[in-house]
Amino acid sequence: MSQLSVYNSLTRKKEVFTPLTPGHVGMYVCGPTVSGESHLGHARPYITFDVIFRYLTYLGYKVRYVRNITDAGHFEEEGREAEDKISKKAVVEKLEPMELVQKYTNRFHDAMKRFNNLEPSIEPTATGHIVEQIGMIEKIIRDGYAYVVNGSVYFDVEKYNSDFSAKGLPYGMLSGRVLEEQVDSTRDLDNQEEKRNKPDFALWKNAPPEHIMRWKSPWGDGFPGWHIECSAMSAKYLGDEFDIHGGGMDLMFPHHECEIAQSTVCNNKTPVRYWLHNNMITINGKKMGKSYNNTIKLSELFSGNNPILEQAYSPMTIRFFILQTHYSSTLDFGNEALKAAEKGFRRLWESYESLQKFQVDAFAFSEDQVDPELNSKVVRLLGGFDEFMNDDFNTAKVLANIFELVPVINSIRDKHIHPGALTKENMSLLQTQMKVYVEDILGLQSEQADNTKLEGVLQVLIELRKTAKSKKDFVTSDAIRKQLLVLGIALKDEKDGSISYTIN
RNA sequence: GGGCAAUUGGCUGAGUGGUCAAAGGCAACGGUCUGCAAAACCGUACAAUCGUGGGUUCAAAUCCCACAUUGCCCUCCA
């Protein structure tokens, strides 16, 4: 089997993945800011890194997956006074900040569960790690890379850059920016006068008296800057140097760049070996964002309650849709594409379910029925799974192979292919590999809610239809089928005389 | 203005030097099955410039250059 290679944003190359500590992987992924409801943009990174987490586990690594919750407000500087997002909204909604944070954290967790994302190993909160953040800031000040102004602390980017460029670690190495070439923004920013230089960023921010979220610090009451939490928490749970840091591409600059600078000062080494960035989701070619006024909340997606959406799309449709493309490509959301994904997923899942129902022991395997060509095709397609995942987690190609197996599975089910055409070994391999990939690695699951009462009602109707059909009373049998179809329940007459159904 | 990417069929989206007149999904067409359907299966068509123009190479969608267009980042952002 080939080795796992990943595309490292830092080196802009695919590299063979070797963990720092054999057998163990430390992975940190930037989590959500829980000052508002989870939206479509949250779906991509957490599904992407969920699959990566699952795959690394499948490879036998013991993975510690850390994903933070940003619940301490960051300030915005949009030509206005500095303000804390969370406390601002809290006033509007007449809620305690922590109540708001709790509410949206819960919503986020619900959405993650519906996507069938596994829980991270540790989910630290920024508010729970104020002490660690202050400690880190103190160290940076001691080393001379930060300065205090009016109760706020700023990181001295210029000094960092000149000192660490000599060590081959210039500021901007991740995003490819050269500090000297940074042109002054035409934007008029407040609070800039406190900074020595424009690229400097806040480590700690003084809180004005009306600010609700505040903590005591050596520099007065305030709150942490928006980069320091990730540095403090990743170092605490994964060490000064760890294997994988993930997140959306939009975080590369300045967020991840600042993380690198802070951690490098504190620990005298660059913190992350492999930087993995997922690309953005677009809606009609535009990035989704508050400023574009085209955000789709996850709850709206699931209910269809948004003018952009023609219908509701289920969590598994979204998951499947996202996995059908490589994580490093942009993915455009459109109704046509989503509907295609919905149908595709259904076809995949129905085939997968029938495969798992095969009673392999009852199959009539005999040597003269064996089709060598088919066997080698199945083995080749199954073997491709690992190869594709090892090539920077290419779930798109894995799904393509799965779809090539679908007709094979369905044909065996429908007796178009003799059940003995595959050897017993390969039939078992097909079952187990498909289970491992479809469920364990890609994390797909059934959408059919189990509802035993509805099931019972349907069985009654199915029996009625069977009876009518046997009497050639097609008026009655068609009426049952038609009326159920209106309700979104499709009856299917199977080859063996049984009747199955799907609920839309 | 600067940084980083992308540009593939009707839609979506793989593909990074030869096995690519280019995967897979969806849509389309024909057929098998069916009382009729649906689903499934089989088959077919569709890119006559893989953004445009150059270059490297025996060989390019794939490497290099220029141009065009689009997106992301430079401000909270997944």
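Proteins come first, then strands; the chains are lettered A, B, ... in the order of their sequence lines, and each starts at number 1. Any value given below was found using the heavy atoms of this structure, including those in side chains, with hydrogens, waters and symmetry copies removed.
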Any N/O pairs under 3.5 Å between the protein and nucleotides 21-30 of chain B? List them or say none.
residue: C26(B); atom: OP1; partner: R347(A); partner atom: NH1; Å: 3.4
residue: C26(B); atom: OP2; partner: R347(A); partner atom: NH1; Å: 3.3
residue: A27(B); atom: OP1; partner: K343(A); partner atom: NZ; Å: 2.8

Could you please name the option among [options] that lies closest to any side-chain atom of [X]?
| X | options | answer |
| --- | --- | --- |
| T325(A) | C42(B), A14(B), A39(B) | A14(B) |
| D250(A) | A40(B), A14(B), A78(B) | A78(B) |
| R177(A) | G35(B), G3(B), C41(B) | G3(B) |
| D478(A) | G35(B), A78(B), G13(B) | G35(B) |
| H42(A) | C36(B), A40(B), A78(B) | A78(B) |
| T33(A) | C72(B), A78(B), C36(B) | A78(B) |
| H416(A) | C41(B), G15(B), C74(B) | C41(B) |

So, do F108(A) and Y46(A) have ring centers that fall under 6.0 Å from each other?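 When the ring centroids of F108(A) and Y46(A) are compared, they turn out to be within the sub-6.0 Å range.
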
Is the base of C4(B) touched by the side chain of N279(A) through a donor-acceptor pair closer than 3.5 angstrom?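 Check fails, no donor-acceptor contact within cut-off.
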
Would the base of C36(B) count as contacting R481(A) through its side chain, where contact means a donor and an acceptor less than 3.5 Å apart?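 Answer is yes: a donor-acceptor pair is held.
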
With a 4.0 Å cut-off on N to O distance, would you call K339(A) and E336(A) a salt bridge?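 No, no charged N to carboxylate O under 4.0 Å.
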
Does the distance from a Lys or Arg side-chain N to an Asp or Glu carboxylate O, for R196(A) and D156(A), drop under 4.0 Å?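 Here R196(A) pairs with D156(A) in a salt bridge, since their nearest N and O are under 4.0 Å apart.
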
Is there a donor-acceptor pair under 3.5 Å between the side chain of Q431(A) and the backbone N or O of F358(A)?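 A pair under 3.5 Å: yes.
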
Calculate the interatomic distance between R413(A) atom CZ and C33(B) atom P; express it in whole Å.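 Rounded to the whole Å, the gap is 18 Å.
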
Kindly determine whether F49(A) and Y65(A) satisfy ring-ring contact (aromatic ring centres under 6.0 Å, His included), including the steps that lead there. CA-CA 9 Å; F49(A) 288 100; Y65(A) 172 22; 7.7 Å; no

Are more than 12 heavy atoms, taken from residues, nucleotides or ligands other than K377(A), located less than 6.0 Å from that residue's NZ atom?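 Atom NZ in K377(A) is not packed in, count stays at 12 or less.
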
